[in-house]
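Order of the sequence lines fixes the chain letters, A, B, ..., with proteins taken first and strands second; residue numbering starts at 1 for each chain.
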Protein chains: 2
Amino acid sequence: MTAIKESSTIQENKQYALEKCPVTFVMEKIGGYWKPIILWHLSSGMKRYSELKREIPAITEKMLIQHLKQLEADGLVIREAKPVVPPFVTYRLSNAGEGLLPVIQAMADWAFKVKDGEFL
Amino acid sequence: MTAIKESSTIQENKQYALEKCPVTFVMEKIGGYWKPIILWHLSSGMKRYSELKREIPAITEKMLIQHLKQLEADGLVIREAKPVVPPFVTYRLSNAGEGLLPVIQAMADWAFKVKDGEFL
DNA sequence: CATGATACATACTATAGGGTAAGTACTTGT
DNA sequence: ACAAGTACTTACCCTATAGTATGTATCATG
């Protein structure tokens, strides 16, 4: 039954969030600073690890690989490695990852509207 | 000119993010754990502070007021206080805040699709 | 035999965000 | 006189996230 304790932490309330707020469910997958940027760059197609590194110069390797792993674990991106040397590894969006593109697009639309002063 | 330093922190790259990734611009406004939940609850109309508190039982007063202030500062919600005692304060979405509803909706749609196994 | 390229891993530190607990101001009700 | 309700504020702590720096395996090439 996994009762919810009175003293509430984020961990303990994830179930609550899933039930009551699907938005938070999404934020758990693509929240944080770098994930949306990575997804944004993968939306234009499959990329090598080193390509992503070049296209997002500000990211550190630790952040890049860490978030790629998490996105993979969450089923949003697919990693494919060719057993050659030097390594050849590519990342691309899964079906679920592509399903996020409308979200990304809605965000981008809103951002541009704000910048164009459309809400003033 | 505010040149961008080589050693990059999130702060220093906010400009980059705004130019290159509108998604991050959105995350800066509604990222974090509680903001989307609050917006979600405000999407059904104007609410009193105490109503929000009741509807989101897991949130602490500190978090609630802190994020309401930030959302207000970002122009996403509008605060209205009646000069009575006990205080009567309401919060509602601004135009910009309502402009986020499609984003919220797109997120919710995706979350439900994931839960329904539509991407398997 | 050292260097470079690729795709990572790991140890440590710093900062931001969230959580706990308690206090404040003002007035009505008992 | 005291508690209760509303909308906060403040001080302190703790953890999750981000950043810095360095190390690893493999093979090709000079």
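The side chain of A:Pro86 sits closest to C:dA5 out of C:dG18, D:dT6, C:dA5. Picking from C:dA9, D:dG19, C:dG19 the nucleotide with the shortest atom distance to the side chain of A:Trp34 gives D:dG19.
We find that CE of A:Met27 is positioned 13 Å from P of C:dG17, with the value rounded to whole Å. Whole-Å rounding puts the B:Tyr49 OH to D:dT6 P distance at 11 Å. Straight-line distance from the CD atom of B:Glu61 to the P atom of C:dG19: 14 Å, rounded to whole Å. Atom OH of B:Tyr33 is separated from atom C1' of D:dT15 by 15 Å (rounded to the nearest Å). Here the P atom of nucleotide C:dT6 and the CZ atom of A:Arg54 are 7 Å apart, to the nearest Å. B:Gln66 has its CD atom 9 Å from the P atom of C:dG17, to the nearest Å. Atom P of nucleotide C:dG17 and atom CD of B:Glu28 are separated by 10 Å, given to the nearest angstrom. The nearest whole Å value for the distance from the NZ atom in B:Lys47 to the P atom in D:dT6 is 16 Å.
Under a cutoff of 6.0 Å and an axis angle of 45°, A:Lys82 and A:Phe88 form a cation-pi pair.
Side-chain N or O atoms of B:Thr24 include none that pairs as donor or acceptor with a backbone N or O of B:Met27 at under 3.5 Å. Put simply, the side chain of A:Trp110 never gets that close to the backbone of B:Gly97: no donor and acceptor are under 3.5 Å apart.
At D:dT17, none of the side-chain N or O atoms of A:His67 fall inside 4.0 Å of OP1 or OP2 (strictly under the cut-off). Contact between the side-chain N/O atoms of B:Arg48 and the OP1/OP2 oxygens of D:dA7 is found at a separation under 4.0 Å. OP1 or OP2 of D:dA7 sits under 4.0 Å from a side-chain N or O of B:Ser50. Taking side-chain N and O atoms only, A:Arg79 has a distance below 4.0 Å to OP1 or OP2 of C:dC8. Residue B:Tyr91 places at least one side-chain N or O under 4.0 Å from the OP1 or OP2 atom of D:dC8.
As judged by a 4.0 angstrom heavy-atom cut-off over every strand, A:Ile65 is placed among residues touching the sugar-phosphate backbone only. Base contact: B:Val85 has a heavy atom under 4.0 Å from a base atom.
Nearest heavy atom pair, residue B:Lys35 against residue B:Ile30, reads CB-O, 3.9 Å.
Under the 4.5 Å side-chain heavy-atom criterion for ILVMFWY residues, no single connected hydrophobic cluster contains both B:Ile78 and B:Leu100.
Both A:Lys62 and A:Thr90 lie close to DNA chain C; mapped to their nearest nucleotides by heavy-atom distance, the more 5′-ward contact belongs to A:Thr90.
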